[in-house]
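Keep in mind that what you see is a predicted model, and the values were worked out from it rather than measured. Note: hydrogens, waters and symmetry copies are ignored here, and every other heavy atom, side chains too, is used. Each chain gets a letter, A, B and so on, in the order the sequences are listed, and its residues count up from 1.
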There are 2 protein chains.
Amino acid sequence: MTGDSRKPASRPTVQDVAREAGVSPSTVSRALHTRGYASREVRERVQEVAQRLGYVPNHMARNLRSRTSTAIGVLISDLRNPFYADLAAGVEEVLRSEGHQMILVNDNGDPDEEMHAAETLLAMQVAGVIVTPVAAGCSKMLQDNGIHVVCADRRLGRNGCDAVLSDNKAGAQELTEHLIGLGHERIGLLIDETKWSTGAGRLSGFRAAHEHAGIDLDEDLIVYTSFDAEAARESTRELLNDHHVTAILSANNVLAQGALAEIKHRKLRIPHKISLAAYDDVPWMSLVQPGITTVDQHTVDIGRSCAQLLLARIRDELPARHRTIRVAPRLIVRGSTGPAPRK
Amino acid sequence: MTGDSRKPASRPTVQDVAREAGVSPSTVSRALHTRGYASREVRERVQEVAQRLGYVPNHMARNLRSRTSTAIGVLISDLRNPFYADLAAGVEEVLRSEGHQMILVNDNGDPDEEMHAAETLLAMQVAGVIVTPVAAGCSKMLQDNGIHVVCADRRLGRNGCDAVLSDNKAGAQELTEHLIGLGHERIGLLIDETKWSTGAGRLSGFRAAHEHAGIDLDEDLIVYTSFDAEAARESTRELLNDHHVTAILSANNVLAQGALAEIKHRKLRIPHKISLAAYDDVPWMSLVQPGITTVDQHTVDIGRSCAQLLLARIRDELPARHRTIRVAPRLIVRGSTGPAPRK
DNA sequence: CTGTTAGCGCGTTCAT
DNA sequence: ATGAACGCGCTAACAG
């Protein structure tokens with residue numbers, strides 16, 4: 001009951017178990033893995049001894065020897081953003097159920113930090129990496145080192161790697177068409193980037209909806225803002241002051257916060273005076289009154305798919321050519337969008 | 001540009017660098033660590049070669065040899081709950097800046113999963129573990145195996161380990177006193193557990209505030225619900241139907257969602273008809289109209305402190321006796337709490 | 001089915 | 001200042 005040895009209580013090894021069970025170390029190794037030859041009797045004895053001694057296999061030694069590992073690196077931009085948290089949660093769920101571990105790194109959307117983190121993961125000998133990329137060269141670097149990579153949510157450059165993406169264009173188009181269907185003709189788009197497949201896709205869906213409806217899109221209604229709620233709030237101010245919009249479409253959940261803040265500040269009634277819609281459904285959007293009309297990306301599912309895809313790749317169950325999984329988003333109409341006000 | 005070898009492109013090792021640089025492996029090892037003797041000339045040459053070959057040290061081999069590791073296990077209950085996400089984000093921030101890695105596991109608040117995860121972390125030879133405990137024996141098991149443990153947010157049983165806690169009693173008391181100060185005398189408390197230090201502390205603060213004000217607390221106003229929004233919603237129904245409360249205090253952010261949902265469903269005006277307050281400030285609480293009066297736990301700071309405490313312990317910079325850091329919460333008054341309605 | 005041998009990649013002795 | 005030898009804990013080969 002003491003067990004209070006100051007030293008890093010060196011834990012029992014296969015040697016200890018072997019000695020205690022009266023067999024050789026390799027027999028212990030075989031007996032503990034379900035695979036491998038070992039007689040029932042020996043297996044049971046070894047397992048009993050291991051249990052009694054509190055033996056826990058040393059992953060580092062095992063991995064070093066067998067040149068494999070079950071750890072998976074996950075590189076995301078911002079854990080405090082529910083989008084990334086959900087993504088990570090989906091990934092972790094599958095990894096855990098399959099006996100893998102998740103090494104999670106927040107790269108703050110910074111390419112340098114991402115590259116640095118990728119090198120660390122390399123050093124740790126992870127079996128694969130799931131990344132929401134921000135640095136163009138990152139996945140290539142990993143792949144060049146024999147590490148499987150799955151891009152989550154977006155793809156950067158022309159790198160050939162497996163990916164799980166939301167169908168951004170379809171989702172944004174549907175959302176925009178919903179607004180147009182309500183009679184809106186001047187819809188402001190808040191968007192932070194269009195270099196990535198996410199922003200590019202959403203913008204293109206926004207355009208496509210206008211084209212489809214025969215509306216000549218005023219380019220001034222597309223406001224490029226930076227990636228934070230405060231910037232979005234200022235951009236919303238601009239849209240509201242100068243461009244006579246009757247609806248605002250936010251390209252992600254963070255920008256939507258800024259838009260909502262400004263609208264609330266002005267005490268504009270939603271949706272009577274202004275409609276608000278956002279890409280990426282997150283919990284607060286159904287808690288506010290009225291609820292925000294959104295596109296649900298099924299973010300947790302995206303995470304799950306990433307993990308499944310990566311594990312399949314690691315187990316070499318997939319054809320060589322890179323696979324892209326597209327998760328169809330779903331429009332959720334809530335109270336924040338309504339008929340365009342009469343002029 | 002090809003680099004398309006099918007085999008897990010075995011990466012360069014110290015051997016390769018040594019051969020290429022015309023020195024011995026041990027010299028390479030010394031040259032790459034800042035410490036250790038090596039002539040300037042050799043050191044530079046070795047570093048140049050390592051760079052050119054894309055050499056990345058193998059953590060598993062290093063750790064195996066040196067019997068240390070920089071990986072830290074983090075065990076939390078639910079990554080999708082912003083409380084845990086913020087906690088993890090704070091932990092990760094400090095770990096990363098100090099050259100450590102975070103292995104994150106979601107135990108879903110299940111003691112068995114937690115124990116299982118702890119064993120995995122043990123196998124991975126983590127240098128320490130940060131845990132929001134749910135299984136009583138978990139931290140003891142880890143400590144018995146020589147692994148440093150920091151309990152985050154709550155403590156279970158009488159286990160002696162470092163911990164970073166919110167001052168739940170003070171926070172809940174302040175929040176309750178705020179309500180009492182507004183004239184509320186029948187305040188319903190939604191709480192999911194009181195076995196942990198969190199629930200126990202918050203309940204005790206709730207009681208203390210009543211005592212302090214000389215109000216005889218009706219025990220029926222304390223509703224023990226289970227840990228999900230839907231259960232909280234039903235409990236809210238009960239409070240509203242049978243107990244004539246003028247205010248509801250939710251013991252955490254999840255339960256608050258249920259309470260708000262029911263209040264909105266009944267179209268009760270906040271705060272005129274009913275006041276709502278919640279422990280644990282999360283983003284949606286300042287987005288809804290009116291904003292929810294809360295206690296901010298400084299969750300990210302708690303995470304940071306956990307990591308700092310753990311690293312200090314690992315570096316043996318702390319006296320033997322266990323340290324408990326208490327992070328003072330802060331009352332944030334928003335619009336959801338107002339004077340109690342006249343009878 | 002089992003034991004013996006060897007070595008994963010590295011850092012740390014000990015010699016020189 | 002540098003190289004040779006050894007071993008961390010484990011498992012893949014090989015015998016038997």
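- Ser66(B) has no side-chain polar atom (N or O) that falls below the 4.0 Å cut-off from OP1 or OP2 of dG11(C).
- Every residue meeting the side chain to side chain contact (heavy atoms under 4.5 Å, CB included) condition with Leu156(A), not counting sequence neighbours, appears here in chain and number order: Pro133(A), Trp196(A).
- Direction of the helix axis in the helix from dC1(C)-dG16(D) to dT16(C)-dA1(D) shifts by 40° between the two five-pair termini, rounded to 10°.
- Listed by residue number, there are no residues of residues 15-22 of chain A with a heavy-atom contact under 4.0 Å to DNA chain C.
- Which of dC8(C), dT2(C), dT13(C) sits closest to the side chain of Val42(A) comes down to dT2(C).
- Among dG9(C), dT12(C), dG3(C), the nucleotide with an atom closest to any side-chain atom of Ser26(B) is dT12(C).
- Between Arg40(A) atom CZ and dC1(C) atom P there is a gap of 12 Å when expressed in whole angstrom units.
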Which atom pairs, one a donor and one an acceptor, fall under 3.5 Å between side chains of residues 66-74 of chain A and the rest of the protein, sequence neighbours left out?
{"from": "Ser66(A)", "atom 1": "OG", "to": "Arg62(A)", "atom 2": "O", "distance (Å)": "2.7"}
{"from": "Ser66(A)", "atom 1": "OG", "to": "Thr68(A)", "atom 2": "OG1", "distance (Å)": "3.1"}
{"from": "Ser69(A)", "atom 1": "OG", "to": "Ala71(A)", "atom 2": "N", "distance (Å)": "3.3"}
{"from": "Ser69(A)", "atom 1": "OG", "to": "Gln125(A)", "atom 2": "O", "distance (Å)": "2.9"}
{"from": "Thr70(A)", "atom 1": "OG1", "to": "Gln101(A)", "atom 2": "OE1", "distance (Å)": "2.8"}

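- Residue pairs meeting the salt bridge (Lys or Arg N to Asp or Glu O under 4.0 Å) criterion with at least one member in residues 108-129 of chain B, sequence neighbours excluded, are Arg96(A)-Glu113(B).
- Side-chain contact between Asn58(B) and Thr13(B) is absent, with no heavy atoms from C-beta onward closer than 4.5 Å.
- Here dA15(C) presents its C1' atom at 12 Å from CZ of Arg30(B), a figure rounded to the nearest Å.
- For Ser197(A), the side-chain hydrogen bond (donor to acceptor under 3.5 Å, both in side chains) criterion is met by no residue, not counting sequence neighbours.
- For Arg52(B), the CZ atom counts as densely surrounded, since its 6.0 Å shell holds more than 12 non-hydrogen atoms of other residues, nucleotides or ligands.
- Distance, Met124(A) CE to dG9(C) P: 18 Å, rounded to whole Å.
- When atom types are taken as modelled, the side chain of His322(B) and the backbone of Gly160(B) share a donor-acceptor pair closer than 3.5 angstrom.
- With sequence neighbours excluded, the residues that form a side chain to side chain contact (heavy atoms under 4.5 Å, CB included) with Glu317(B) are Ala312(B), Arg315(B).
- Pro319(A) is not listed as a side-chain neighbour of Arg321(A), based on a closest heavy-atom distance of 4.5 Å or more.
- With hydrogens and angles ignored, the 3.5 Å screen pairs no side-chain donor or acceptor of Ser29(A) with any backbone N or O of Pro25(A).
- Sequence neighbours left out, the pairs with a member in residues 300-314 of chain A that pass side chain to side chain donor-acceptor pair (under 3.5 Å) are Glu93(A)-Arg304(A), Asp162(A)-Arg313(A), Asp301(A)-Arg304(A).
- Of the residues in residues 46-65 of chain B, Leu64(B), Arg65(B) come within less than 4.0 Å of DNA chain D through at least one heavy atom, sorted by number.
- Nucleotides of DNA chain D that come within less than 4.0 Å of any heavy atom of chain B span, from the 5' end to the 3' end, dA1(D) to dG9(D).
- Residues satisfying the side chain to side chain contact (heavy atoms under 4.5 Å, CB included) criterion with Arg65(B), sequence neighbours excluded, are absent altogether.
- With sequence neighbours left out, Asp86(B) forms a side chain to side chain contact (heavy atoms under 4.5 Å, CB included) with Arg80(A), Thr299(B), Val300(B).
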